[in-house]
Amino acid sequence: MSIEELVKVENLRKYFPFKKRIFSKKVRYIKAVDGVSLSIKKGETLALVGETGSGKTTTGRTILRLYEPTGGKIYFGGQDITKMPKKKFQKIRMQMQMIYQDPYSSLNPRMSILNIIAEPLRELMVKNIEDRVLELLESVGLRREHMYKYPDEISGGQQQRVAIARALAVNPKFIVLDEPTSALDVSVQAQILNLLENLQKEKNFTYLFISHDLSVVRYISHRVAIMYLGKIMEIGMVEQIFEKSQHPYTRILLESIPVPDPKDRKRKKLRLPGEIPSPLNPPSGCPFHTRCPYAKDICSQKEPGYVEVESGHLVKCHFAEMIE
Ligand code: SF4
């Protein structure tokens, strides 16, 4: 693991047991995350993109050990944290925070903003709590007057700012942002993205940015990983994914981004047929073969490995570099 890498996962798997009937002895497994390997450098934003059910949120939660992994390795700051005993892990866990999609449900409605942000500070035995809360509120663009309000007395954008301030209270290094703007109005989305970007520049935060919205991802990320059925299909720098994508699934997702002038599109328009298959019963071979317009016989028989089409740009497809 290079010194620059803060987070690294190798062959990460998270399977959830599933019984068709409650008394049935037969247990099957939902393979929500199935062999994910990635790393994130200090101060970098890696976006994890995919449809609902692709496993992106489960990947984020498993990296933080909110779900215990079924297999694979997780490293944080060079330390293997996969099976680190809870007590030892607690200290490291403080440096890893998560921001959720719906800010309101992540804030206790019975607590004032002051108490919401003060809670982790009290655990850390911070002195002059009110001063520190005010500092944190100001760092996310809020003011003293917000301290005494309750979550339902402020707007959605302000609630998300409070959730960010609470995450910052413990001086984290790594933040998993799970669709942090998708519940907000478009005008507020840009403000929150700007805030996250500025905080990163100021404090050198490392972000895992989970999203289904590629237009947001282009704006905020340094690198992008495209997920499908628990696996990464393509990963690369933001320009490699947006300008030189090689995987059919990535291309189809890019086609779905609205563009002001449809003549701007250089490539043939592709459509994504059908629904994402169940992770309980994933397709054989390439997981995307049931929906891929380029699928050939080999695709249902053999799972493709990763082809490095450019430095750091990996594509999981038998025909990488051959698809026009
Ligand atoms: Fe499509 Fe085959 Fe490539 Fe999978 S391996 S993405 S099915 S062409």
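The analysis underlying the following values was restricted to heavy atoms, covering all of them including side chains, and did not include hydrogens, waters or symmetry mates. It should be emphasised that the depicted structure is a prediction, and the values quoted were computed from it without experimental measurement.
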Exercise for the section: Determine whether Cys299 and Phe288 make a side-chain contact, defined as any pair of heavy atoms from C-beta on separated by less than 4.5 Å. Expected result: no
Exercise for the section: To the nearest 0.5 angstrom, please state how far the CZ atom of Arg122 sits from the CD1 atom of Ile117. Expected result: 11.5 Å
Problem - Gln160 side-chain N/O to Pro103 backbone N/O, donor-acceptor pair under 3.5 Å - result: no
Problem - Over 12 foreign heavy atoms within 6.0 Å of CZ, Arg144 - result: no
Practice task
Provide the closest heavy-atom pair for Arg13 versus Gly35 in the form atom of the first, atom of the second, distance.
Solution key: CG-N, 3.4 Å
Handout entry: Backbone of Val315 reached by a side-chain donor or acceptor of Glu234 within 3.5 Å
Key = no
Exercise for the section: Check whether Leu137 and Leu195 end up in the same hydrophobic cluster, where Ile, Leu, Val, Met, Phe, Trp and Tyr are linked by side-chain heavy atoms less than 4.5 Å apart. Expected result: yes
Exercise for the section: Indicate the atoms forming the closest heavy-atom contact of Pro180 with Ile99, along with that distance. Expected result: CB-CG2, 4.4 Å
Practice task
Mind telling me whether Tyr207 and Phe205 have parallel, tilted or perpendicular rings, with 30° and 60° as the class edges?
Solution key: tilted
Handout entry: Main-chain N/O of Ser182 paired to His212 side chain as donor or acceptor, under 3.5 Å
Key = no
Problem - Any side-chain heavy-atom pair of Val162 and Leu107 under 4.5 Å - result: yes
With a cut-off of 3.5 Å and sequence neighbours excluded, list every side-chain donor-acceptor pair involving residues 273-284.
| unit_1 | atom_1 | unit_2 | atom_2 | d |
| --- | --- | --- | --- | --- |
| Ser278 | OG | Leu280 | N | 2.9 |
| Ser284 | OG | Ser300 | O | 2.7 |

Exercise for the section: Give a yes or no on whether the backbone of Gly312 and the side-chain of Glu308 come within a donor-acceptor separation of less than 3.5 Å. Expected result: yes
Handout entry: Contact check, side chains of Leu193 and Phe209, non-hydrogen atoms, under 4.5 Å
Key = yes
Problem - Under the side-chain contact (heavy atoms from CB on, under 4.5 Å) test, residues paired with Arg132 that sit two or more places apart - result: Leu121, Val126, Glu135, Leu136, Asn171
Problem - Ile113 side chain reached by Pro151 side chain, heavy atoms, under 4.5 Å - result: yes
Exercise for the section: Locate the shortest heavy-atom distance separating Leu177 from Leu196; write the atom from each residue and the value. Expected result: CD2-CD2, 3.9 Å
Practice task
Decide side-chain contact (heavy atoms from CB on, under 4.5 Å) for His318 and Lys296; before the verdict, give the C-alpha distance in whole Å, the side-chain angles of both, and the deciding distance to 0.1 Å.
Solution key: CA-CA 9 Å; His318 289 303; Lys296 304 265 187 302; over 6 Å; no
Exercise for the section: Answer whether the closest heavy-atom distance between the side chains of Arg65 and Met96 falls below 4.5 Å. Expected result: no
Handout entry: Non-hydrogen atoms of Lys149 and Glu145 that approach each other most closely
Key = CG-O, 3.7 Å
Practice task
Please check if any side-chain donor atom of Asp213 sits under 3.5 Å from a side-chain acceptor atom of Ser211, or the reverse.
Solution key: no
Practice task
Could you tell me whether the side chain of Asp185 and the main chain of Ser187 form a donor-acceptor pair under 3.5 Å?
Solution key: no
Exercise for the section: Evaluate whether atom NZ of Lys83 has more than 12 neighbouring non-hydrogen atoms of other residues, nucleotides or ligands under 6.0 angstrom away. Expected result: no
Problem - Asp297 atom CG, over 12 foreign heavy atoms within 6.0 Å - result: no
Practice task
Give the other cluster members for Tyr15, using side-chain heavy-atom distances under 4.5 Å between Ile, Leu, Val, Met, Phe, Trp and Tyr residues; answer none if it is isolated.
Solution key: Val27, Tyr29
Handout entry: Check: Arg161 side chain, Val140 main-chain N or O, donor-acceptor pair, under 3.5 Å
Key = yes
Fill in the blank from the handout: Applied to residues 38-72, the ring-ring contact (aromatic ring centres under 6.0 Å, His included) test, sequence neighbours excluded, yields Phe16-Tyr67
Exercise for the section: Side-chain contact test, heavy atoms from C-beta onward, threshold under 4.5 Å: evaluate it for Leu214 versus Phe242 and give yes or no. Expected result: yes
Practice task
In plain terms, say whether Arg218 and Glu243 are close enough for a salt bridge, that is, a side-chain N and a carboxylate O under 4.0 Å apart.
Solution key: yes
Handout entry: In one Ile/Leu/Val/Met/Phe/Trp/Tyr side-chain cluster, 4.5 Å: Val170, Leu199
Key = yes
Practice task
Answer yes or no: is there a side-chain heavy-atom contact under 4.5 Å between Lys56 and Glu179?
Solution key: yes
Completion exercise
Between Ile74 and Pro69 the two heavy atoms that sit nearest each other are CD1-CG, 4.0 Å
Fill in the blank from the handout: Hits for side-chain contact (heavy atoms from CB on, under 4.5 Å) against Glu10, two or more places apart or cross-chain, chain-then-number order -> Lys8, Lys73, Tyr75
Exercise for the section: Determine, step by step, whether Ile40 and Leu6 satisfy the side-chain contact (heavy atoms from CB on, under 4.5 Å) criterion, reporting the C-alpha distance in whole Å, the side-chain angles of both residues, the deciding distance to 0.1 Å, and the verdict. Expected result: CA-CA 6 Å; Ile40 319 175; Leu6 181 67; 5.9 Å; no
Handout entry: Distance-only side-chain donor-acceptor flag, Asn115 / Arg110, under 3.5 Å
Key = no
Sequence neighbours excluded and cut-off under 3.5 Å, please list the side-chain donor-acceptor pairs for residues 219-231, or say none.
| unit_1 | atom_1 | unit_2 | atom_2 | d |
| --- | --- | --- | --- | --- |
| Tyr219 | OH | Asn194 | OD1 | 2.4 |
| Ser221 | OG | Val217 | O | 2.7 |
| His222 | ND1 | Thr45 | N | 2.8 |
| Arg223 | NE | Glu44 | OE2 | 2.9 |
| Arg223 | NH2 | Ser39 | O | 2.4 |
| Arg223 | NH2 | Glu44 | OE1 | 3.2 |
| Tyr228 | OH | Arg291 | NH1 | 3.2 |
| Lys231 | NZ | Asp34 | OD2 | 3.2 |
| Lys231 | NZ | Glu303 | OE2 | 3.3 |

Practice task
Indicate the atoms forming the closest heavy-atom contact of Leu124 with Met94, along with that distance.
Solution key: CD2-CE, 3.6 Å
Exercise for the section: Would you indicate whether the side-chain heavy atoms of Lys42 and Glu4 approach each other to under 4.5 Å? Expected result: no
Problem - Criterion side-chain contact (heavy atoms from CB on, under 4.5 Å) on Val7 and Leu208, from CA distance to verdict - result: CA-CA 10 Å; Val7 178; Leu208 178 66; over 6 Å; no
Exercise for the section: Decide yes or no on side-chain contact (heavy atoms from CB on, under 4.5 Å) for Arg166 and Gln97, but give the supporting numbers first. Expected result: CA-CA 10 Å; Arg166 182 183 52 185; Gln97 293 293 308; over 6 Å; no
